[in-house]
Structure formats: structure tokens, C-alpha cells
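Just dropping this structure here.
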Amino acid sequence: MAHLQLTALAGGAGDEMEEVALLGSYDVEAGPVAASDEEAGMRRVQVRVAGMTCSACTGAVEAALSARRGVRRAAVSLLQNRAHVVFDPALAKDEDIVEAIEDAGFEAEILPDSTVSQPKSQKTLSGQFRIGGMTCAACVNSVEGILKKLPGVKRAVVALATSLGEVEYDPSAISKDEIVQAIEDAGFDAALLQSSEQDKVLLSVTGLHTEGDVDVLHDILKKIEGLRQFGVNFGNSEIEIVFDPEVVGLRQIVDTIEMESNDRLKAHVQNPYLQAASNDAQEASKTLHLLLSSLLLSIPVFFIRMVCPHIPLISSFLVMHFGPFCIGDLLKWILVSMIQFVVGKRFYIAAYRALRHGSTNMDVLVVIGTTASYVYSVCALLYGAFTGFHPPIYFETSAMIITFVLFGKYLEVLAKGKTSDAIKKLVELAPATALLLLKDKGKYSGEKEIDASLVQPGDTLKVLPGSKVPADGVVIWGTSHVNESMVTGESVPISKEVSSPVIGGTMNLHGVLHIQATKVGSGTVLSQIISLVETAQMSKAPIQKFADYVASIFVPIVITLSLLTFLAWFLCGWLGAYPNSWSAESSNCFVFSLMFSISVVVIACPCALGLATPTAVMVATGVGANHGVLVKGGDALERAQNVKYVIFDKTGTLTQGKATVTTAKIFSGMDLGDFLTLVASAEASSEHPLAKAILDYAFHFHFFGKLPSAKDSIKKRKEEILSQWLLEVTDFSALPGKGIQCWINGKKILVGNRALITENGVNIPDEAEHFLVDMELSAKTGILVAYDGGFIGLIGITDPLKREAAVVVQGLKKMGVHPVMVTGDNWRTAQAVAKEVGIDDVRAEIMPAGKADVIRSLQKDGSVVAMVGDGINDSPALAAADVGMAIGAGTDIAIEAADYVLLRNNLEDVITAIDLSRKTFSRIRWNYFFAMAYNVVTIPVAAGVLFPFTGLQMPPWLAGACMAFSSVSVVCSSLLLRRYRKPRLTTVLQITVE
């Protein structure tokens, strides 16, 4: 992309110069984020964490993980019940991570690697090859010399005694098959034995019924080369395998198990997301079981207290004595004890774990409140049994509190499950099976239905009409239309023909297609989208820090308020500050004060605060993905709401990025055909889009209507013609910021801007200058051509604006956002384009590094600046901006510099991104308001502040019900974001359409 350098005074030059500067300063593999370099060689794992209930729990887990030696980074998601941990495998192991979480009082389980889109931990692989046919040291030197010359090979050592060679190579530059081929071409036999790469995967096996079946499976697995280790779980009919993907493929392992067992055993790759959904369903089922158990035991307690005294026969039975106890009290004691210590066991365990590590959570409050009520009731019952004076007992209080809390927890689990619906929908896009076309001696011999997760790069797949594309690939036969709306948000079906790329998970509509798989597994677009959405949902928005801080001090404050409430009411009663009639129903001021104290403990809810932000962020990122707007984290989502400036790159962002020649003007006696042949010959050495536009124009001028109609034939014929038609070029060089120069027929030719032409002493005629100015004023780029020291002509190139550009710019202004255009183009062309789209603030003739300086100048007064660019070309500016938006990413969505990835090449998504951010944080603020207002209002009411004036007293069981529903209400509030609809531009512009 760096060969043709048109000047900063020529249209589109900004982008052209960007590409050269970026090739020197920007490492595409490493990306602009320093953290990626620091974490090279680190292991990334996701851990399922059970038992977390609020922000205090996530803080405890993060603290425990961060304290472990070797752990670089840890992020914990309350909603997903997951921890994402990055650690140094030389200092820590998976077991250490699990141990750290379990020591913090929670259950932990490492999820299979397939649930994490694992970046390569190393840029090179080490492969061990068996080399046959070597007889002496000369053979060794020969093989080593050949290997070291191969591109991508870092190191090669060959041992004659063992007939082995160890090669360190970059798998992105050279494959193991190419290394084997190179050795064989040198006259030796070669085969890969093992490599340093390994994959771990979980397989479910059907047919494992007896120990004999397990033994058969063991024998089969032991014989598979490249299989490093395996573990069979007979109870779950699962095997976890670690294998070398350079030696053996996953499909080969599955096929071997099936064939060697004579089809008795069948292995299937477990979908990690379905497994996670199964875990969520199990949690919901477990909570429901506890709720029903508590409810079944609580109903009799409620009836004994409230209903039975009004039924004479039952009442007389309940007041009968069994020893010193009334039968009614004894029954309540037994039933409530089961609720308190069997059903409520989970609260005690969670509270103990939290307290053991110096933290507090909602479970601590529930345990304190219910235990206080239960212990008092037992003491009162025993006191009455042995003294004859029977104070009131409140067994039903602890029973009802536990029942209501479990009910709230069950509703919360169901609601939280709905927040991740977007991930589930994305996972469901991937088809379960694929039709593999089998080859025999280079010809297709049949087809076989296989598990879609077993598709390998290079496989030829058949896609029927109405079925989904199983993997990313390229069409090699057939034509059709494919609906890509489910992945990119593009509603119009896309035409596909030979050489067209296809995206896994999209729907084939009409014709049959044969595709060659290019990306599978975590490399597919769909997997990258899921990974981005998951990462965003794992990240914390800065506003969450407030909730985390409040959660850390919330429980101690509530316990203190509860004690103060008890002391205040008890001391006032003891000193006679209020009438005895107030506490008469409770028998004495101690019980009267205790009920207020328990209500305060039980009604306070830290969960609502902790759920306010993550639930909203999770729903918003999912909704954004459904609309083709991928958010990389909660922090990006938060910054976007305050965007004041949106900076647009011109070429490829405001314009379509499809340069076409509109004018070719001769200012010498040269024939137009000869002129175009001369310029095309010079431009043929460049791969730049503008050079390509000139080459295409010249080709069509000479050969239009003289080629066969079939596209493949045209392509082959065009290559043949170009090699014969173009003139020979020597000493080609690109002059950054100016253009190109080379020699043709022994004469110097210059193609570029005014500066290039005038620097070489070539005079530009006034007529050509006027013609050039007119072109620039009409938003066209002028390219000047000089040959053999004289000016011979110029070429006009235009890049049409996107149809929605002007409306989107107007819409941003209505939203209070100032659009700015920054380009390397000349002022006249830039101002002409800006006038057409309605942008007032234009920065022209800006070098690539200068775009980042423009952004920093706008940030000086604290303004939030967004940059909209087309990916890697604009990466310095995208990284410098507060909010970087990479637009039109299409299938290449792994853009490190951007905070937002807009899958569609449509500027309307810029408005969607900002609007979604504003709507999300408006919802988060409402969530915080409700959560704070709930605690601020209900805690004083529970403490009895209104009792002296209104006689209103909140019983503890009612306080438990309020607490249970407060967190559910916050989650439901966040779920309202699922109803989000993209803003219609007519609405944004306040236009009434007749």
C-alpha cells in the first residue's frame, strides 16, 4: 500500500500517507495497547465462581486473586458468575487460581479453554521433526541450511544420531506441511512428531455404559499420536483431552474413536456456552428447590400462627401440652429449625466464608436477622416452659424472611439470565452440523454430515439453500444471496459468487454454494463478536466503583444502625420515654426494640446497588451487538455518553472509499490512449487504491468490449494483457507526501501533486492550473503528470460521498455533538466535501500523526472526543481519542485501537452508538436512584421513625419481602433496555414525514 504516495495537496492523500507512516510505527499483530505486550506468554483462563451475591463478593474474589503470586490481572463478573484471570504459567497453575477463590469462600471451576478466545501465548512454535535418510554431517548441514533459509523459521537444529530436527517457526508465516515439503524436496524423508502447541477440549461420549467401555476408550486414546493426555469421567460420560493440533486434528480424534470402537462409541464436542447455560439452569433449579422446600415448611407455620387459633377443634389440640411445651409451639420450633438450618444452610456457609476473609455481604445480614429472631424465639419458648410466663415468640419471622429472600433470589436468577440473552442468540446462530465434501484423488466422491465444531481450515463445505454457513470461508462454486443481518446488521441480502467471502452463522437464501473454510473455531467472525461482547460484559464501567465502595461499607453501617436502633428504643423504654402501651403487644421493651432492630438488618439491601450497573451494561452490549454495534467495555460505553466532538476521516468514512477516474485531460500533443498507457505503466507498480483506479480506467479505455463475458475468463485474460500491454518501468520510487517517479523508455515520468511537479522544474500551464482548481472546488482530486521534463496532462479522481453522510452530520448537530472533518487532502477539496455534508469545522492537509494532535488539542478543555475511522489506517487517532469507532470493519473486527466496532459500513451507527450509551447510563442513574432511595427511605421506616406519629411498624417478615423485591426491581429496570430501538434519523432531525 506504500508504493504510490500522492501529495497532501491531492485528494485522498491523507489516507495514502497514513499507510506508509503506520507501516513503520504500528505493529498490527501487537496492536497499540501496551498491555498486550506485557501479557505475551501469559495464560488466560475463565473460572466459574459459585456463591457470589453482591459487589462485596466480587471484590473479595478479585482481591484474593490479585494477591496470588504470578497473577497479572483479574476481572470478576457478578452476573456471569465468572472470573477472567491472566497469570504467568511459570509462577502459578490453574489449581492455584481455583485454590485462591476457594480460600476466599467460594466454589470455583476452571472452564475448558474453548470458552476463552485464547490469543496465541507465543508468536513461534517449536516443532520436532523425524528426518530420515541422513548419513553424515554433510546431510545435517544441508538440512539445517535449507531450514534456516525458509521464511518464518527462527531456529533449526538437526541431530544425526537421533534423526530428529527441532525447528522454531512462526505458524503465521509457514506451516508444518511446508517445512516437511522443504525437507523432502532436499531428498530426505520427514514427518512432524510433536510441537509446543496444545489444545484442550471437552468431549461428551455416548455409549459409555460399563467399565469395559471405558477400558476400550482408554486403549483407543492411547494409540492416537499427538494426544498428550486425557481424563475420562465415567459418571458424566465425558473425556477431557489435551492434544497437539499440529500433529492431530480434533476431527481425526473423534473419527478414530468412532471407527476403532466399531461405532459403539460416538464423541461430540461440547459447546461451552450451552454448558454455561446448563449451569445457569442448574442454579435456577437449585434455588427453586430451596424456595419450594422453604415454602412448604413455612405455610404450616403461618397457619398455626394466623389461621388455626380461629378453628376451635385445631386450636384446642395445639394448646395441649407435650411435656412443658404446647404442641403448637413445638411444631413451629421443629418446622422453623428445618427452614433455618437445612434450607438456610447456604446463607450460613456464605456468611461464614465472607466473614472469614474480613468482608461482609447480604448473607451476613440475612443470617444476623433470622438468627436473632430464631434464638430469641427459642429462648422465649424455653423461658415460658420453665417459668410459666409465656412471652410472645416469633418463629414465623425467620421462616418468612428466608422464604421471601429465596423467592427474590429465584426471580433475580431468572432475570439475570435474561440479561445474557444476546450471547445466547449469537451462539444459536452457529449451525450444529456441516456438510463436508469428500475428495478422492482430487475429485469429489461424496458428502458427509459432521459436527460444525469439527470443520478444519481448507475443508470444502456444501451449503444448501435455507441452511446456515458453518464457517468463515470463500465461495469456490455456485452463486446465491446470503442474509448477513444476524451478524453485521445489514438488512439487504448480499450477492455471493466465486471468490466472495462468507461469514459463518449467516443464512444462505437461494442457490447451492461450495465454500472453502478459511477460519474456524475462535477465529470466526461470530466467535470474535461473542468474545468481544463477553469481554465487554466482564468489564466494569467507572461508575461501578461508586457501587463497589458503597457495598464495602454498607453492611457494617447497617449493622451499626441496627444496634443503635435497638439501644435507642430499649433505653427509651427503660427510662419511660414512651408509653408502656406501645410495647404492650410485644410484652416488654426488649422484644419491642429487637423487632425494630431485626427489621433494619433484614430490609437493607446491598445487592440492588451492586446490580445497578452490570445488568444495564450487559443488556446494552447485547442490544448493541444485535444492531451491529460492538462495544469493547463498560468504560467505553460510559465515555460515549459525553461525546462533544466527533472527528471523521474523509476517505472511506464520509466517502465510499471507491475511487474512480472521472476526467483525463491532455495538455500536450500526446494521444489520450498513449497518455493513459504511460500513466498506467507507472502506477502498475503500486498497490494503492487510487493507483488501481487509474489502472482500471486505462484498461477499460483500451479493452472495453474486447474480452469474454465470464468473470473468471476476464480475470485471467486481464492478467495476460497487463503483462504484455504495459510499458517496462525502471527505478520506481514513492515520494511520501508528493507522489511517485520512475523511468519509462529512458525518460523520467512524475505522477503526483503540484509540489512534486514544481520541485522538478516543470512548469504547470495556466490553463491546467485553472482546470485543476475547478476540479478541487467540485470535490475531485487532481493528479498531475509530467514526462521527459514537460507537463503532459492531469487526471481527475472522485470518491462519492456515502448517501447518509449529510443526514448523519445534521443528526449529530441536533444531538449537541460537533462534527469535525480531518483529512490529508488539500483545502479546496476538503472544504468542498465538508460543505456538501454540512461540516463547518475542517482540518485539511493533516499528516497521519497530526490527526492525533488535532484530537489532543480538542481534549485540552476536558471535552470528550470520538474518532470515526476505517480501522488500522486510522489507529493512532483511534487510540488517541476518548472513544474510537472503527466503521465498516466487516469481517475484520479484531481492531485493537477502537473502543467501538461498527460492523456495517454505515454512518448511522455512529448515532446509534452515542444514543445507546446515553440511554444506558440514563437507565443506570435511575437504577442507582431507586437503589439508594429504597435504602434511604425504608431503613428509617424499619427503624420505627414513623411509629411515634403514625403507629406504623414494619414487621421483620415484611422487611424481608421488601429486601427481596428491591434487587429484582433493579434487574427488571435494566431489562427494559432490551426494548431499545435505533433512533430514526427523521426523529433525530425532528422532521415530519408526510
Is a side-chain N or O of N508 found less than 3.5 angstrom from the main chain of S467, in a donor-acceptor match?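 Judged by distance alone, no pair lies under 3.5 Å.
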
What are the two closest heavy atoms between I911 and V808, and how far apart are they?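 Taking I911 first and V808 second, the nearest heavy atoms are CD1-O, 3.8 Å.
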
Please determine, by modelled atom types, if S974 and R923 share a side-chain donor-acceptor pair under 3.5 angstrom.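 The criterion, which ignores hydrogens and geometry beyond distance, is not satisfied for R923 and S974.
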
Is it true that a side-chain atom of N483 and a backbone atom of P493 form a donor plus acceptor pair closer than 3.5 Å?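 Side chain of N483 to backbone of P493, a donor-acceptor pair under 3.5 Å: no, none is there.
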
So, using ring-ring contact (aromatic ring centres under 6.0 Å, His included) as the criterion, who are the partners of F930 when residues are at least two apart?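 For F930 the ring-ring contact (aromatic ring centres under 6.0 Å, His included) partners, ignoring immediate neighbours, are W926.
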
Has T524 got a side-chain atom pairing as donor or acceptor with K519's backbone, closer than 3.5 angstrom?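 Flag not set: sc T524 to bb K519 has no pair under 3.5 Å.
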
When L977 is tested against each of T920, T615, I924 for side-chain contact (heavy atoms from CB on, under 4.5 Å), which residue passes?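 One option only clears the test, and that one is T920.
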
Between H818 and Y645, how do the two ring planes meet: parallel, tilted or perpendicular, split at 30° and 60°?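 Tilted: the ring planes of H818 and Y645 meet at 30° to 60°.
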
Looking at K802 and E908, does any basic side-chain N land under 4.0 Å from a carboxylate oxygen?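 Not counted as a salt bridge, because no side-chain N and carboxylate O are separated by less than 4.0 Å.
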
Which heavy-atom pair separates G505 from L526 by the least distance, and what is that distance?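 So the two residues come closest at CA-CD2, 4.4 Å.
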
Under the 3.5 angstrom rule, does the side chain of D472 hit a backbone N or O of V525 as a donor-acceptor pair?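 Checked: pair present.
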
What heavy-atom pair brings V455 and A471 nearest, and what distance separates the two atoms?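 Heavy atoms only, the tightest pair is CG1-CB, 4.2 Å.
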
For the residue pair Y980 / D915, report whether a side-chain donor-acceptor contact shorter than 3.5 Å exists.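 Yes.
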
With sequence neighbours left out, write down each residue that passes side chain to side chain donor-acceptor pair (under 3.5 Å) with R918, or none if nothing qualifies.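 Not a single residue meets the side chain to side chain donor-acceptor pair (under 3.5 Å) criterion with R918.
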
Does K650 offer a backbone N or O that forms a donor-acceptor pair with the side chain of T655 under 3.5 Å?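 Yes, the answer is positive, given that a donor and an acceptor are paired below the 3.5 Å cut-off.
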
Exam field: side chain T621 to backbone V617, donor-acceptor pair closer than 3.5 Å: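 Yes, the answer is positive, given that a donor and an acceptor are paired below the 3.5 Å cut-off.
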
Restricting to non-hydrogen atoms, name the atom on F106 and the atom on A50 that form the minimum distance, rounded to 0.1 Å.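 What the structure gives for the nearest pair is CB-O, 3.5 Å.
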
Please find the pair of heavy atoms, one from R639 and one from V864, that lie closest to each other, and give the distance.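 Heavy atoms of R639 and V864 come nearest at O-CG1, 3.6 Å.
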
Treating E449 as the side-chain partner and L435 as the backbone partner, does any N or O pair qualify as donor plus acceptor under 3.5 Å?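 No, the answer is negative, given that no donor and acceptor are paired below the 3.5 Å cut-off.
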
Quick one: closest heavy-atom pair of V45 and F87, and the distance?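 Where V45 meets F87 most closely, the heavy atoms are CG2-CE2, 3.7 Å.
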
Quick one: does S480's side chain have a donor or acceptor within less than 3.5 Å of a partner on H510's backbone?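 Yes, because the side chain of S480 sits within donor-acceptor range (under 3.5 Å) of the backbone of H510.
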
Looking at K919, M885, Q641, which hits side-chain contact (heavy atoms from CB on, under 4.5 Å) with I914?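 The side-chain contact (heavy atoms from CB on, under 4.5 Å) with I914 is passed solely by M885 among K919, M885, Q641.
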
